[in-house]
Amino acid sequence: MVVPLTIAALAASAAHAGADTTFAPALTKFTAFLEGSGGKIITVLSLAGGLIGLASGRFSLGQVAVPVGVGIGVGTGVPIVTSVVTAVI
């Protein structure tokens with residue numbers, strides 16, 4: 001058991017998060033979409049779904065809370081996730 005662990009420890013190399021830029025253009029476009037008009041569209045559609053639920057006659061706190069949560073998540077979630085992923089660990 002010691003021999004495989006020793007070999008694995010000697011063969012391991014340091015991993016550098018963020019050193020690879022293969023998907024950087026796609027990440028830039030996607031985050032710009034969510035922080036811009038795409039995020040607004042998602043929030044409006046969620047709000048419309050909540051309003052349709054309210055108009056159907058059955059009131060639920062989730063019909064109000066979900067659109068608010070989606071708006072907050074789209075507005076502030078992307079910068080939070082981006083900063084966590086790019087943080088040096």
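Just so we're clear, the structure is a prediction, and the values are computed from it rather than from any experiment. The first residue of the sequence shown is numbered 1, and numbering continues consecutively from there. Note that these values count all heavy atoms, side chains included, but never hydrogens, waters or copies made by symmetry.
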Study note, to complete from the structure: Contacts of Leu27 meeting side chain to side chain contact (heavy atoms under 4.5 Å, CB included) (sequence neighbours excluded), chain-then-number -> Thr31
Enumerate, atom names and distances included, each donor-acceptor pair closer than 3.5 Å involving a side-chain atom of residues 34-46, sequence neighbours excluded.
residue	atom	partner	partner atom	Å
Thr43	OG1	Gly39	O	2.8

Exercise for review: Linking directly or through intermediates, with side-chain heavy atoms under 4.5 Å: list the remaining ILVMFWY members grouped with Ile72, chain and number order.
Suggested key: Val68
Exercise for review: Kindly give the heavy-atom pair with the smallest separation between Gly50 and Pro67, and that separation in Å.
Suggested key: CA-CG, 4.5 Å
